There are 2 protein chains.
Amino acid sequence: MTIKEFSSRTGISAHTLRYYEKIGLLRHIRRLPNGHRDFSEKDIQWIAFVQRLKDTDMPLEQIRRYADLREAGDTTLAERQQLLENHARGLRESLAQQQRHLDKLNEKIALYRSAVKRGRLS
Amino acid sequence: MTIKEFSSRTGISAHTLRYYEKIGLLRHIRRLPNGHRDFSEKDIQWIAFVQRLKDTDMPLEQIRRYADLREAGDTTLAERQQLLENHARGLRESLAQQQRHLDKLNEKIALYRSAVKRGRLS
DNA sequence: CCTTGACTTAGAGTCCACTCCAAGCCGTAG
DNA sequence: CTACGGCTTGGAGTGGACTCTAAGTCAAGG
């Protein structure tokens, strides 16, 4: 599929897709005889995973390292597992922290609710 | 207290504190006769709240708007409440999304666990 | 044949949130 | 008196992740 179609199916701009290829997040993209990129379903699946890592705040540089390992083959399975487990642990901790922040924020909002009735804070 | 002490109590570098004052996140910081900043406990409380907003990914620009409202006095209570409620809603949604991401990541890790035993993926 | 439009590249520019730098003032210790 | 450390300022530089620009190729439509 063309970069335009790939872009609309993934929600990533064509610009960004070229950038991702340049920095090594996307590799071995097939090319048509005219040099245009020809994306596949495999590419869709890979980029969806990349998006998940990105959406959970993994830096592109680390995603690139994961891509390196992936490319190196089955001997890097344990290393990739480790990388993902570390990332998941960080994510769990961040989730817990964000939950605490949300609780505190809700307390503050409760204060505001009664303050608004009284027309003044505290 | 000096900027150094304030910095060590809040974990925010002196550089960043001056930057925060410059962009309007910190206001009316008392000054000593020699021009040095003299932070108070009130400043500690305010910056702690700023940190909470920042840690929950509120852009500094929006925190600055909140500071504007706060400065304008009790007539802006409802507006501030609204701002915080919108932020809390976004945070709840983000939390739910991150939880889904974590679940998916854990599924992937489970795949890796068994793949590592077999020495190959899938 | 020429225009249009989608694609290609290398490289420059943007935005956010810092982070650092240079130059200078002030108070104390030697 | 001078050196030093800590503070002050305006402004420049950094890093991450895009985002855009310029200049070019190529295929289809009028």
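Numbered from 1 within each chain, the chains take letters A, B, ... in sequence-line order. These figures come from a predicted structure and were not determined experimentally.
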Just to verify, what does A:R52 make a side chain to side chain contact (heavy atoms under 4.5 Å, CB included) with, not counting sequence neighbours? B:H101, B:K104, B:L105
Only one of B:T2, B:T10, B:L26 forms a side chain to side chain contact (heavy atoms under 4.5 Å, CB included) with B:F39, so which one is it? B:L26
If you measure from CG on A:L53 to NZ on B:K108, what distance do you get to the nearest 0.5 Å? 8.5 Å
First and last nucleotide of DNA chain C in contact with chain B, 5' to 3', at under 4.0 Å to a heavy atom: what are they? C:dA17 to C:dC20
Which residues satisfy the salt bridge (charged side-chain N to carboxylate O under 4.0 Å, His left out) test with A:E85, sequence neighbours excluded? B:R113
Just to be sure I understand the geometry, which residues of residues 10-19 of chain B put a non-hydrogen atom under 4.0 Å away from DNA chain C? B:H15, B:T16, B:Y19
Electrostatic pair B:E21:B:R27 at N-O distance under 4.0 angstrom: no
Could you verify whether a donor N or O on one side chain and an acceptor N or O on the other, from A:Q62 and A:H87, lie under 3.5 Å apart? no
In Å and rounded to the nearest 0.5 Å, what is the CZ to CD distance from B:R92 to A:Q99? 10.0 Å
Provide, to the nearest angstrom, the distance between the CD atom belonging to A:E61 and the P atom belonging to D:dC18. 14 Å
Tell me which residues in residues 20-56 of chain B lie within less than 4.0 Å of DNA chain C, going by non-hydrogen atoms. B:Y20, B:K54
Take the angle between the ring planes of A:Y66 and B:Y112 and call it parallel below 30°, perpendicular above 60°, tilted in between. perpendicular
Angle by which the axis turns from one end of the helix from C:dC1-D:dG30 to C:dG30-D:dC1 to the other, five pairs per end, to 10 degrees: 30°
Honestly curious: do B:I23 and B:F49 fall in one hydrophobic cluster under the side-chain, below-4.5 Å linking rule? yes
Return the CD to CG distance between B:E5 and B:D38, rounded to the nearest 0.5 Å. 10.0 Å
Rounded to the nearest 0.5 Å, how far does CD1 of A:I47 lie from OG of A:S7? 11.0 Å
Working to the nearest 0.5 angstrom, can you tell me the gap between B:I29 CD1 and B:L17 CG? 8.5 Å
